[in-house]
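This structure is a prediction, so every number in the text was calculated from the model and none was measured.
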Amino acid sequence: MTHNSAAALAAFLFGIAGSGDAQEPLREGPPQIVVTGRGEVRVVPDLATVTVGVQTRAATAAQATAENSRKQLAIVSAIKGRGVLATQISTSGFSVQSETQYDRQGQGAPRTTGYLVSNSVTVELKQTEQVGPVIDAALAAGANQVHGLSFSVSSPDSARRAAIAQAVQNARQDAEVAARAAGGTLGSLIEIVAVDYQVPMLQARVAYMRMEASAGASAPPPIEAGSTSVTASINARWRFQPSPPR
């Protein structure tokens, strides 16, 4: 790097450190180096959530509801038979809809041909390996809807702290490179601010419909939780120590 390039970089760094936020007035004081660091830690999800349901049709709302309730009770019982507690199962949707037929000629009045009842439960699983067997059990018991499968991490704090530590290390390395490029060294730390961290939830695409199922008719669907990233970002400021003139 030429002397002019180093001087330009130093002026750029000092300008950033001196002005702080773009909306703040110019600060007076010794030159500073301001950098942003980002850390990322891969973790394996240990929780899963899946929604299973059943739709039934009948000539009357009462018949459709009764048939739906019978099937849903069997589905919930089958899920519990896989070691899932009642506290991990909650109703997430229930609806009754009339099905209407319209006269194509536009002369006759619309008439109700039947009723569609939908009932779904969301199951929170504390072991991701339960997902496949639970889905299989629900389908075998009469479920014809499976959706909303997602994975998450029960205790993200340790991963978050590791990501913050990595973000600080990365920020310091960048700051040291900038200081050397500007013709000086990195001075004492002024400030570190943790600005953001994220523990994303993995959403699995599941559109599973099976109108008829029997126990043992098929193997449980293979479901893999994979891994997800816990990320953290920090802003840090150090004093810049110019090299003494030779």
Side-chain angles (χ1 to χ4, degrees), residues 38-56 67-95 116-167 169 194 196-233:
R38 183 177 183 274
E40 179 179 356
V41 176
R42 301 291 298 182
V43 294
V44 176
D46 57 353
L47 297 178
T49 301
V50 63
T51 299
V52 298
V54 60
Q55 287 186 337
T56 54
E67 178 65 10
N68 189 279
S69 298
R70 182 187 67 79
K71 289 184 176 181
Q72 189 66 295
L73 287 173
I75 293 168
V76 170
S77 177
I79 293 173
K80 290 179 180 179
R82 293 292 183 172
V84 179
L85 300 178
T87 54
Q88 297 172 245
I89 306 171
S90 60
T91 299
S92 53
F94 179 81
S95 65
L116 174 67
V117 177
S118 301
N119 192 338
S120 59
V121 293
T122 296
V123 186
E124 298 180 356
L125 301 173
K126 297 180 180 180
Q127 297 176 337
T128 58
E129 57 267 24
Q130 286 183 301
V131 175
V134 164
I135 290 176
D136 188 64
L139 292 171
N144 51 33
Q145 289 187 318
V146 180
H147 55 90
L149 175 60
S150 63
F151 299 98
S152 59
V153 180
S154 60
S155 301
D157 287 345
S158 59
R160 175 179 59 85
R161 295 186 182 108
I164 291 174
Q166 187 182 103
Q169 293 174 0
D196 182 46
Y197 85 93
Q198 294 182 351
V199 184
M201 179 178 291
L202 293 179
Q203 298 288 342
R205 294 182 179 179
V206 176
Y208 209 153
M209 298 288 292
R210 189 166 81 181
M211 300 305 293
E212 296 180 0
S214 59
S218 63
I223 304 293
E224 298 294 336
S227 64
T228 186
S229 294
V230 177
T231 61
S233 298

Subject >> With sequence neighbours excluded, residues passing salt bridge (charged side-chain N to carboxylate O under 4.0 Å, His left out) with Arg38 >> reply: Glu40
Subject >> Euclidean distance, Gln72 CD relative to Ser69 OG, rounded to 0.5 Å >> reply: 8.5 Å
**OP:** Would you mind listing every salt bridge (Lys or Arg N to Asp or Glu O under 4.0 Å) that reaches into residues 148-157, with sequence neighbours excluded?
**Re:** Asp157-Arg160
Subject >> Euclidean distance, Asn119 CG relative to Gln145 CD, rounded to 0.5 Å >> reply: 10.0 Å
Subject >> Considering all heavy atoms, the nearest Val54-Gly142 contact >> reply: CG2-O, 3.5 Å
**OP:** Compare all side-chain heavy atoms of Leu125 with those of Thr49 and state whether any distance is below 4.5 angstrom.
**Re:** no
**OP:** Could you list the residues that satisfy salt bridge (charged side-chain N to carboxylate O under 4.0 Å, His left out) with Glu67, not counting sequence neighbours?
**Re:** Arg70, Lys71
Subject >> Distance-minimising heavy-atom pair for Val131 and Ala48 >> reply: CG2-CB, 3.5 Å
**OP:** Mind checking side chain to side chain contact (heavy atoms under 4.5 Å, CB included) for Ser154 and listing every partner two or more places apart, or none if nothing turns up?
**Re:** Asp46, Leu47
Subject >> With Leu116 via side chain to side chain contact (heavy atoms under 4.5 Å, CB included) - residues at least two apart >> reply: Gln55, Arg57, Gln97, Glu99, Ser118
Original post:
Are Val117 and Phe94 close enough that some pair of their side-chain heavy atoms sits under 4.5 Å apart?
Top reply: yes
Original post:
So which heavy atom on Ala74 is nearest to which on Ala141, and how close?
Top reply: O-CB, 3.6 Å
Please tabulate, for side-chain N and O atoms in residues 77-93, each donor-acceptor pair with protein atoms closer than 3.5 Å (sequence neighbours left out).
{"from": "Gln88", "atom 1": "OE1", "to": "Leu85", "atom 2": "N", "distance (Å)": "3.2"}
{"from": "Gln88", "atom 1": "NE2", "to": "Glu124", "atom 2": "O", "distance (Å)": "2.6"}
{"from": "Ser92", "atom 1": "OG", "to": "Ser120", "atom 2": "OG", "distance (Å)": "3.3"}
{"from": "Ser92", "atom 1": "OG", "to": "Thr122", "atom 2": "OG1", "distance (Å)": "3.0"}

Original post:
Should Val153 and Phe151 count as side-chain neighbours, where that means a heavy-atom distance under 4.5 Å?
Top reply: no
**OP:** Compare every heavy atom of Val41 with every heavy atom of Ala163, then report the nearest pair and how far apart it is.
**Re:** N-CG2, 3.6 Å
**OP:** Could you grab the distance from atom CG of Leu149 to atom OG1 of Thr51, nearest 0.5 Å is fine?
**Re:** 9.0 Å
Original post:
Taking atom CD of Gln130 and atom CD1 of Ile135, what is their separation to the nearest 0.5 Å?
Top reply: 12.0 Å
